[in-house]
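To keep things clear, I will list the structure first and then write my remarks on it.
We're numbering straight along the sequence, starting at 1. Given the structure is predicted, the values throughout are model-derived calculations rather than measurements.
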Amino acid sequence: MTCSGVFYLNSAPLQEHDFLAAPSDLELQQVSGAAFPPMCVAGGAGAHVSSSNLTLPVISNETLHLPSNSAPPELATQQLSNSASKMLPTESGGVTVPTAETSADGVDVEDDVEVLSTPHEPFVGMSFNTSDAAKDYYNYYARHTGFSIRIDTSRELKKANEKTKYIYVCQKARVNKKEKVADDGPITEKNIVRQRRRDYVDRTHCTARMIVRKTSLGHWEVVNFEREHNHERLRKFSLTKYLKSHRDIPAEEKEFIKLLHGCRITTTRAYQIMAELYGGIENCPYTEGDTKNLCVEYRAEYRDKDVKATLEYFEELKKEDPEFYYSYTLDEFDRVENLFWVDGAARRTYELYSDGLSFDTTYLTNAYNMPCAPFIGIDRNGITIQLGCGFLRNEKTEGFVWLFTEFKKAMGGKDPANIITDQDIAMKAAIAEVFVSSVPRNCRWHIMENARKTMGVFLDSKGDGKQELADDFKDCIDNSFTPAEFEQKWQAFLDKYELNNDERFQHLYDMRHCWIPAYFMHFFFPFLQTTARSEGFNVVLKRYVNPKNSILNFVQQYKKIQQMIFSKQDLQEAATATKVPRYLTGHPMEHQMKKAYTRRLFNVFQHELQLSSSYYVVRVEGDDLIDIVPYRRCPDLLYGTRTFRVTSSRVEGLYSCTCCKFERDEVLCCHILKVFDALAVHEVPDRYILPRWSVEPVVDSGVEVAANVPLQEAQITDHRKHVIRYSRMCTNFNKIVRPFMADDEGYGIVSKQVSALQSNLVALGKRRVSSVLPGLECEQVDIEQPAAPRPQNKSRKKQAHLPEGVRIQICHNSLLARMLLVIGEPPITKKQGLPRSKRYKTGLGLLLPKNPPCGYCGSTEHTTSTCPAKSARKQTKELSDKSLNEVAAA
């Protein structure tokens, strides 16, 4: 009998009892004269079908050739009978083919239901279209017999530069390498090298193998097959998936895992997701370690070519966005020293929101430890936005000067009106050199934190007897609204605590123009006194970026954060346009500002309008000078119990308050709103409704959409759609098929449908191939390819470097310079400051942690569980209860 069958795998997972188990009743039925239609798979030889627990080859009649003249005696045509001898059944999606150990028994095919079977044993003369098809078939056979395979050797035809012979052997073929014995004398603690404890496969010189040789174009033939093993094989089918050759991750799933890896999902969580798609970990054909190794490969994908790939990615972005800008510098060894980039949307946004900028650097964002320097702004919705980003080799003045110069060049030479940074001398010098017209300000939190490190004993509000000093210090800093008021409070503070000769407080006083809020009351720093916006953005960066990843990965994740910001902006605009806020008062100004402000700024205005009810009006000079006095204490901590004075001119429509909130945030304060109420001003004057927070639409992209043009929905890419469809199909198929795999009737129905589905897909694949390459199936021509030139061993020329101290400036338009240079990877940057173990221990750091007070008696010398008063009371209660029980018994 000539076999022209197709071997498929059922989607249901094979259980342990299916491995070397007795045949089912349905499989013991007789097959008499059954004709099995030939089937093939789209994609040619070696195609795969993914099951719920393994990936097996699909061998068609075009891939597997069983000529009748070379068939082994076991496959000769016989009279089938019911007297079955030993049979080795394995399930596939095609037909039941007798194996070398199969007798004349078969199965009946009722209602065109094809029963799955085992792959028959390879034999000499079996042929395949490709070497991969031969390997997949032998690996399939190996899994069902309990061992793993590998490629031992291969022969390459030098003239054609192609493989002509493969030897596939058992994993335990040959012997293990002998470990080298060290001859360095006695073993000491110094010459001991720590190694990972790993298990290994004990090779036993197993002779089981299959050798295939290429006889003609598209024809590989088995020339030798050895089936005997000299070791024990696995007897449980569920354990074979852990063997090396059977732990295969399909290409579609690799792409899906890569997608999860790009979303900062840990490998453990990614493996759990894949296991859920398979219906359980027991059905997943690979292990969590394979997923981790795959993610390691993704991280090492751009090793030694990270910068080159990043620049190529920048060029792709520039093709999509002509306004995209990037620039970088090289050191004397042609390695990247500084890098800056900004997209077109950020450049257009900067034209609208250049009045306030936050800048700070952070580490642990890339594999080179290069400090990341993002430029942060605030849009009209109060959302943190990205206005460019850079990497610096070090945090020196020249590095910041270059970065700020490139930022200014990208933004059309426009300086930010106000910029807030941390307490860095190099950064301060660079701002003074580049941003000439900007108002610089240091972060209040950083300065207070540095002061607390050196003056922890004084500024620790929980210290013994220092509560009043800390409160007075904070009151001097936070509640001074003019420079004169600060000077007065500061001197009173020093005199009260006798700190006039303290150098630490003198240093803070000398820096007062850089960080004291009283000196920035008339400058626009919207809701900012610190670099909290930058710090918060740094946290988001580290949430998206793995510090071990490449610069290219960082740039890609940076783009995703930018898209997330755009989504938040769209969400706020949609909320402003479609939803109506809940009004807190019946004041007409509330309805007016709802139409004027964006939703978040309208909520800020509502808060100030609520706070106005905490004050009453005291006229000092009629309606022109009014004091706003709190009833008790304003809920806002900034205002507290302080009385503010409002100067008003109703005729000219001018109002100003000593709190200077409108100058700082461009939002009216509660004190002016209280004056509006007292003077019966029902609407806010137009001059106090600034376009900075206006709801008026601003087309960021510069393209206006016509009213008659229908809106178009954003489409997912074809590649992502393919990955999502594959994952969804695997999940749905497992859910549908799994409950019916316990009985033969449901199993037969599923097998029939799978075979019909495969036939339809194979026909579709043939039609596609014939439409793309007509005549490919019927015409086979042997073409001798010219021999590839052998590589010559040439001495590697030394790369010419620049003279020491010379730096190359390369912008996005210097394509010729970039082509002529071989750009290297940046070195690992040393972090700023001393290691934590060598840092100076300040007074605050040397303070012993305070013991929590006892919850029973309030003492700090013991805890609640060891309180002596509690134990004494417990003993007294026990004696009392004992005496009461004795009285009751008497």
Check this for me: Asp686, atom CG, are more than 12 non-hydrogen atoms of other residues, nucleotides or ligands nearer than 6.0 Å? no
Go through the steps to decide whether Leu311 and Tyr328 satisfy the test side chain to side chain contact (heavy atoms under 4.5 Å, CB included), and finish with yes or no. CA-CA 10 Å; Leu311 298 182; Tyr328 59 94; 3.6 Å; yes
Residue among Lys579, Lys568, Arg380, Arg599 satisfying salt bridge (charged side-chain N to carboxylate O under 4.0 Å, His left out) with Glu573: Arg380
Looking at Phe525, is Arg441 sitting on its ring face, NZ or CZ under 6.0 Å from the six-membered ring centre and within 45 degrees of the normal? yes
Looking at side-chain heavy atoms only, is the closest gap between Leu387 and Val342 below 4.5 Å? no
Hey, could you give me the OH/OG1 distance between Tyr271 and Thr266, rounded to the nearest 0.5 Å? 14.0 Å
Distance-only, no hydrogens or angles: does the Trp515 side chain make a donor-acceptor pair with backbone N or O of Met448 under 3.5 Å? no
Once you measure the plane-to-plane angle for Phe340 and Phe375, does it fall in the parallel (<30°), tilted (30-60°) or perpendicular (>60°) bin? perpendicular
Go through Met593 and Ile689 one step at a time and tell me if the side chain to side chain contact (heavy atoms under 4.5 Å, CB included) criterion holds. CA-CA 8 Å; Met593 303 312 290; Ile689 305 176; 4.0 Å; yes
So which atom in Val684 and which in Met589 form the shortest heavy-atom distance, rounded to 0.1 Å? CG2-SD, 3.6 Å
How long is the gap from CG on Leu668 to CG on Leu690, to the nearest 0.5 Å? 8.5 Å
Indicate yes or no for a side-chain donor-acceptor contact from Gln606 to the backbone of Arg582 under 3.5 Å, with no hydrogens or angles considered. yes
Taking the six-membered ring for Trp, are Phe314 and Phe324 parallel (under 30°), tilted (30 to 60°) or perpendicular (over 60°)? tilted
Beyond-backbone contact of Val401 with Val434, side-chain heavy atoms, under 4.5 angstrom: yes
List the atom of Phe602, the atom of Pro581, and the distance in Å for their closest heavy-atom pair. CE2-CG, 3.5 Å
Closest heavy-atom pair and its distance - Phe662, Arg687: CZ-O, 4.2 Å
Phe407 vs Tyr350, ring pair (Phe, Tyr, Trp, His ring centres under 6.0 Å): CA-CA, chis, key distance, verdict: CA-CA 11 Å; Phe407 175 82; Tyr350 181 78; 5.3 Å; yes
Phe400 versus Thr361: any side-chain heavy-atom pair under 4.5 Å? yes
Using modelled atom types only, decide if a donor and an acceptor are shared between the side chain of Glu395 and the backbone of Ala426 within a distance under 3.5 Å. no
In this structure, is the centre-to-centre distance between the rings of Phe554 and Phe391 below 6.0 Å? yes
Residue pair Trp341, Leu317: steps toward the side chain to side chain contact (heavy atoms under 4.5 Å, CB included) verdict: CA-CA 11 Å; Trp341 74 95; Leu317 294 180; over 6 Å; no
Determine whether Leu277 and Glu253 satisfy the following criterion, side chain to side chain contact (heavy atoms under 4.5 Å, CB included), listing intermediate values before the conclusion. CA-CA 10 Å; Leu277 295 178; Glu253 297 181 19; over 6 Å; no
Whether over 12 other heavy atoms sit under 6.0 Å from Glu276 CD: no
So, for Phe404 and Phe359, is the gap between ring centers shorter than 6.0 Å? yes
Can you confirm whether Thr329 sits close enough to Arg393 that some side-chain heavy atom of one is under 4.5 Å from a side-chain heavy atom of the other? no
Please answer whether the main-chain N or O of Asp343 pairs with a side-chain N or O of Asp321 as donor and acceptor at a distance below 3.5 Å. no
Counting neighbours of NZ on Lys408 that are heavy atoms of other residues, nucleotides or ligands and sit closer than 6.0 Å, is the number greater than 12? yes
I want to check something: taking the side chain as every heavy atom from C-beta on, are Met411 and Ser354 in contact at a cut-off of under 4.5 Å? no
For Lys396, does the NZ atom have more than 12 heavy-atom neighbours from other residues, nucleotides or ligands under 6.0 Å away? no
For the side chain of Asn418 and the backbone of Phe524, is there at least one donor-acceptor N/O pair under 3.5 Å apart? yes
Residues Ser438 and Asp415: closest non-hydrogen pair is OG-CB, 3.6 Å
Can you find a heavy atom in the side chain of Lys661 that is under 4.5 Å from one in the side chain of Leu638? no
Atom CE of residue position Met729 - does it have more than 12 heavy atoms of other residues, nucleotides or ligands inside 6.0 Å? no
Do the ring planes of His513 and Tyr519 sit parallel (below 30°), tilted (30 to 60°) or perpendicular (above 60°)? tilted
In this structure, CG of Leu609 is separated from CG of Leu584 (nearest 0.5 Å) by 8.0 Å
Quick one: does Val439's side chain get under 4.5 Å of Phe520's, heavy atoms only? yes
Should Ile378 and Tyr353 count as side-chain neighbours, where that means a heavy-atom distance under 4.5 Å? no
Whether Thr291 side chain and Thr267 backbone form a donor-acceptor pair below 3.5 Å: no
Heavy-atom closest contact (Asp306 atom, Tyr368 atom, distance): OD2-OH, 3.0 Å
Of Glu406, Lys318, Arg347, the residue whose pairing with Tyr325 passes side-chain hydrogen bond (donor to acceptor under 3.5 Å, both in side chains): Glu406
Would you call Asp379-Arg600 a salt bridge at under 4.0 Å N-O? no
Find the distance between OG1 (Thr310) and CG (Leu552) and round it off to the nearest 0.5 Å. 4.5 Å
Scanning both residues in full, the closest heavy-atom pair of Lys254 with Ile249 reads CE-O, 3.2 Å
Nearest 0.5 Å please: distance from the CD atom of Gln563 over to the CD1 atom of Ile561. 10.5 Å
Is any side-chain N of the basic residue among Glu297 and Lys258 closer than 4.0 Å to the acidic one's carboxylate O? no
Will you find, in the side chains of Gln572 and Thr598, an N or O donor that is under 3.5 Å from an N or O acceptor? no
How many angstroms lie between atom CD of Gln592 and atom OH of Tyr597, to the nearest 0.5 angstrom? 9.5 Å
Above 12 or not: heavy atoms from other molecules or residues under 6.0 Å from NZ of Lys428? no
